[in-house]
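Both backbone and side-chain heavy atoms feed into the values below; hydrogens, waters and symmetry mates do not. Each chain gets a letter, A, B and so on, in the order the sequences are listed, and its residues count up from 1. Treat the numbers as computed from the prediction; the structure is a model and nothing was measured.
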Amino acid sequence: AQKITQTQPGMFVQEKEAVTLDCTYDTSDQSYGLFWYKQPSSGEMIFLIYQGSYDEQNATEGRYSLNFQKARKSANLVISASQLGDSAMYFCAMREVRVAGTALIFGKGTTLSVSS
Amino acid sequence: EPEVTQTPSHQVTQMGQEVILRCVPISNHLYFYWYRQILGQKVEFLVSFYNNEISEKSEIFDDQFSVERPDGSNFTLKIRSTKLEDSAMYFCASRLQREMYNEQFFGPGTRLTVL
């Protein structure tokens, strides 16, 4: 079973509009973390935002916010006021508490295209 | 700002050859990782390394792969006998502490092309 599911292979948005990128996850752990990374066409992985499973408030980082709905196991990324530079692949990822150095599990990603 | 560096940025090799991908993690970080991303696909975990030993590895990380931290700064991934399907972008990442909120900082990646 997929641990991280991103159902939108591609999303299109106009500049200055808000966009929501979907992410659902599957875990039986009580303690876990959810991350979003951005991968522009140049290929690097850029950390955007983190949400802990015990955090009561939704995480926010500038124009990025995470709509965390624990009961539904969803962690959607909301980008407000989209900019052309937001065009990139976006990956949702999860870390479960396991052994030391526990790794990130990534979804398949969503390609966001922002047009003027 | 400190960053993870990787060399080379692009490596082309013949099938069956050995390759070593190099990474310099952020200096005070304790946890090190290798991931790979086949073109157009998701990022997949290979191996994590802590306290000079492998702490976790995925099914992908078979006997053809090995990791090493030969000195205090470098972290290497060796592929002993490359196959065509090893062609991918390989990312190194490092993290400071075990706490959940610590993000992993990724390097720029090495694109490996196996011919």
For this session: Specify the closest pair of heavy atoms between B:Tyr33 and A:Ala103, including all atoms of both residues, with the distance to one decimal.
Result: CE2-CA, 4.0 Å
Problem set entry | Atom CD of B:Glu85: over 12 foreign heavy atoms under 6.0 Å | yes
Exercise. With a cut-off of 6.0 Å (strictly less than), are more than 12 heavy atoms of other residues, nucleotides or ligands near NZ of A:Lys73?
Worked result: yes
Exercise. B:Phe49 and B:Phe65: same hydrophobic cluster, using ILVMFWY side-chain contacts below 4.5 Å?
Worked result: yes
Exercise. Are more than 12 heavy atoms from other residues, nucleotides or ligands located less than 6.0 Å from atom CZ of B:Arg69?
Worked result: yes
Exercise. Should A:Leu21 and A:Val13 be counted in the same cluster of Ile, Leu, Val, Met, Phe, Trp and Tyr side chains packed under 4.5 Å apart?
Worked result: yes
For this session: Measure B:Gln37 against the heavy atoms of chain A and call it side chain, backbone, both or neither at under 4.5 Å.
Result: side chain
Exercise. Rounded to the nearest 0.5 Å, how far does CG of A:Leu48 lie from CD of B:Glu103?
Worked result: 10.0 Å
Exercise. For the atom pair NZ (B:Lys42) and CD1 (A:Ile4), what is the distance rounded to the nearest 0.5 Å?
Worked result: 9.0 Å
Exercise. Could you give the distance from CE (A:Met45) to CZ (B:Phe105), rounded to the nearest 0.5 Å?
Worked result: 13.5 Å
Exercise. Should B:Phe91 and B:Val24 be regarded as members of a common hydrophobic cluster, given that ILVMFWY residues are connected when their side-chain heavy atoms come within less than 4.5 Å of each other, either directly or indirectly?
Worked result: no
For this session: Please look at A:Gln39 and chain B and tell me whether the side chain, the backbone, both or neither of the residue comes under 4.5 angstrom of a heavy atom of that chain.
Result: side chain
Problem set entry | Non-hydrogen side-chain atoms of A:Leu104 and B:Phe106 separated by less than 4.5 Å | yes
Problem set entry | Pair B:Phe45 + A:Phe106: ring centers closer than 6.0 Å | no
Exercise. Any chance CG of B:Leu39 has more than 12 other-residue heavy atoms, nucleotides or ligands included, within less than 6.0 Å?
Worked result: no
Exercise. Can you find a heavy atom in the side chain of B:Gln104 that is under 4.5 Å from one in the side chain of A:Tyr37?
Worked result: yes
